[in-house]
Amino acid sequence: MLGSYEYYKQIFKDVPKPFAFVDLDLLDANIKAIAQEAGGKKIRVASKSIRCSDVLRRILATDPVYQGVMCYTADEAVFLARQGFDDLLLGYPQWHAEALNDVISLIGEGKTITFMVDCIEHVEHIERLAKARQVIVPVCIDIDMSTDFPGLHFGVWRSPLSRWEQVRPVAERIVGASWLRLDGIMGYEAQIAGVGDNVPGQTVKNALIRRLKKSSIRKAALWREEVARELEAMGAKLRFVNAGGTGSMDSSRAEASVTEITAGSGFYSPGLFDNYKSFHYKPAAGYAVEVVRRPQPNIVTCMGGGYTASGPTGIDKRPKPYLPEGLELFPLEGAGEVQTPLRVRGEVQLELGDPVFFRHAKAGELCERFLSLYAVSQGSIVSAYPTYRGMGACFL
C-alpha cells in the first residue's frame, strides 16, 4: 500500500542504509494543499526548510502561486542565483562585506535579490557597499511580530522594530538613500507559525497556546497593517508585504495588506507538524537506518540515526520512529550518534538488516546529514536529488 512500511521496504531493498528520501507523490499532494491554503496570496518558498535545489524547482514549477525564495545567507543566495533561481529574499540580516558584495554584483547583473534590515546600522553598511559598486540595492524591513503578555514574551527575538515609531527612522533613512530601494516589509509571527497547539498529553498547555495565538494574531495584523499604511503615506512603493509560515497561513491570508506568505516546512511535513490542530500535511520526507542488533526479544538496535533538530532542548526535537508502526525510542538513550535502540510493540517483526524509517523533527535540517534524497514515485526510485551538502555547499 502506498506509504506503508512494506511499500518503502520494497522500494529501497537494494539501497545501502542510512539514506534519506522524498516521496514525490506525497510532496506533490502537499504542494497542492499549501497552494490552496494560501487563499489567493503568493507563496515564497523558505529554502532553509528544503535545502535541495531539485525540490525547490519542483515546487516553484507546479503553480504560479509559488513565486520567489526566502533564503537564509548571502552565500546561499549566490549559490541559488547561479543555478538560475531569482526573486531571492534574504530572510536574515547579513554583515560580512565580501558576501554582501558578491550579492550586490549579482544585483548589478540583473538578479532580483533583496537584503533584510532591521536597524540603521544595517542600512548604512549596505548603502556604503552599494555606492562603491554603483548598484541600487533593494532592502526589506524586518518587523518583530512577538507579543508581550504579563511575564511572557510570546515569540522569538528577531528584529528590534515592532511599532511604526520604531520603524519610521529606519524607513526614512532607506527612502533618503540614493543607492537603496525599499522593496518590502516582512513580519514573521513565529509564535503562531512555529508553535504546536495539539501536542499529545498536553491538554491544558494546548488550550493556553491557542488562546495566546488568538490574541497574538489580532495584534500582529494590526501592527503589520499600520506599518504598511504609514509607508504608503510616506510614498514608499512596496513590491511585497511578507508574512507568516506554514503554521500560520490561515491567519496571514486574511490580512488585506499581506501580498505573500512564506512556506517551507509543510512541503516535507516533519514530525513537529503532527502537533498542529488547524492543518495536517502528508509526511513526504524521511530517512532510514538499519537494524543490526536484537538485545532483547522486544528490542532492536539500529546503526546511527541520532539526527536531532535545533531549538530548545527537549524530547520534541528527537526524530520520530515512523515505519513500521509500533516502535518507541528509549528515554534514557534516545536517537544515538552510532546506535539507536527501539522498543518493539505489538505484532512488529524486524530482522537483522531490515530498515526502520524515521521522520526528522524539523524539515530542511535533515538534508545536512545526507548527500542526496532518493526521489520515489509510484513504487519506484525515479531519481536521486542532491542536497546542498551533496553539491558541496554548507551555509551555516
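Values in this document were obtained by computation on a predicted structure and should not be read as measured data. Excluded from the calculations below are hydrogen atoms, water molecules and symmetry mates; all remaining heavy atoms, backbone and side chain alike, are included.
- Looking at R58 and D28, a side-chain N of the basic residue comes within less than 4.0 Å of a carboxylate O on the acidic one, giving a salt bridge.
- Side-chain N or O atoms of R44 include none that pairs as donor or acceptor with a backbone N or O of Y66 at under 3.5 Å.
- Residues F357 and F12 are in side-chain contact: their nearest non-hydrogen atoms beyond the backbone lie under 4.5 Å apart.
- Between L366 and G286, the shortest heavy-atom contact is CD2-O, 3.8 Å.
- Of all heavy-atom pairs spanning C52 and P386, the tightest one is SG-O, 3.4 Å.
- Annotation: side chain of F19 is not in contact with side chain of V289 (no heavy-atom distance under 4.5 Å).
- Under a hydrophobic-cluster definition in which Ile, Leu, Val, Met, Phe, Trp and Tyr are linked whenever side-chain heavy atoms come within less than 4.5 Å, directly or via other members, V227 and Y188 are assigned to different clusters.
- For E127 and R173, the salt-bridge test passes: some basic side-chain N is under 4.0 Å from an acidic carboxylate O.
- For the salt bridge (Lys or Arg N to Asp or Glu O under 4.0 Å) condition, no pair includes a residue of residues 71-85, sequence neighbours left out.
- With respect to E232 and R229, no salt bridge is recorded, no charged nitrogen being found less than 4.0 Å from a carboxylate O.
- At least one donor-acceptor pair closer than 3.5 Å links the side chain of S159 to the backbone N or O of D142.
- Judged by distance alone, with hydrogens and angles left aside, the side-chain atoms of S269 form no donor-acceptor pair with the main-chain N or O of G266 at under 3.5 Å.
- Judged by distance alone, the side chain of D354 and the main-chain N or O of E351 form a donor-acceptor pair under 3.5 Å.
- Under the 4.5 Å side-chain criterion, counting only non-hydrogen atoms from C-beta, H360 is not in contact with R369.
- Ring-plane geometry between F79 and Y388 is classed as perpendicular, the angle between the planes exceeding 60 degrees on a 0 to 90 degree scale with a lower cut at 30.
- Q94 and T73 share no side-chain donor-acceptor pair at under 3.5 Å.
- Using a 4.5 Å heavy-atom threshold, the side chains of V356 and L342 count as touching.
- For the pair R359 and Y268, the NZ or CZ position fails the cation-pi test of under 6.0 Å to the six-membered ring centre and within 45 degrees of the ring normal.
- A donor atom on one side chain and an acceptor atom on the other are not found under 3.5 Å apart for Q339 and T301.
- A cation-pi contact, defined as under 6.0 Å to the ring centre and within 45° of the axis, is absent between R51 and F395.
- Counting only N and O atoms by type, the side chains of T340 and E333 include no donor and acceptor under 3.5 Å apart.
- Side-chain contact check for Q296 and R343: no donor-acceptor pair (N or O, by modelled atom type) lies under 3.5 Å.
- In this structure, the side chain of Y5 does not engage the main chain of E325 through any donor-acceptor pair within 3.5 Å.
- Hydrophobic clustering (ILVMFWY, side-chain heavy atoms < 4.5 Å, transitive): L371 and M391 are in distinct clusters.
- Side chains of S162 and Q166: a donor on one and an acceptor on the other come within 3.5 Å.
- Between the side chains of T308 and R318, no donor N or O sits under 3.5 Å from an acceptor N or O.
- A salt bridge is defined here as a Lys NZ or Arg NE, NH1 or NH2 lying under 4.0 Å from an Asp or Glu carboxylate O, and R239 with D87 meets this definition.
- Scanning both residues, T246 and F279, for their nearest heavy atoms gives O-CE2, 4.1 Å.
- Checked by atom type and distance alone, the side chain of K41 pairs as donor or acceptor with a backbone atom of V258 at under 3.5 Å.
- Scanning both residues, G311 and K317, for their nearest heavy atoms gives CA-CE, 3.9 Å.
- Inspection of the S310 and K362 side chains reveals an N or O donor paired with an N or O acceptor under 3.5 Å.
- Hydrophobic clustering (ILVMFWY, side-chain heavy atoms < 4.5 Å, transitive): L396 and V45 are in one cluster.
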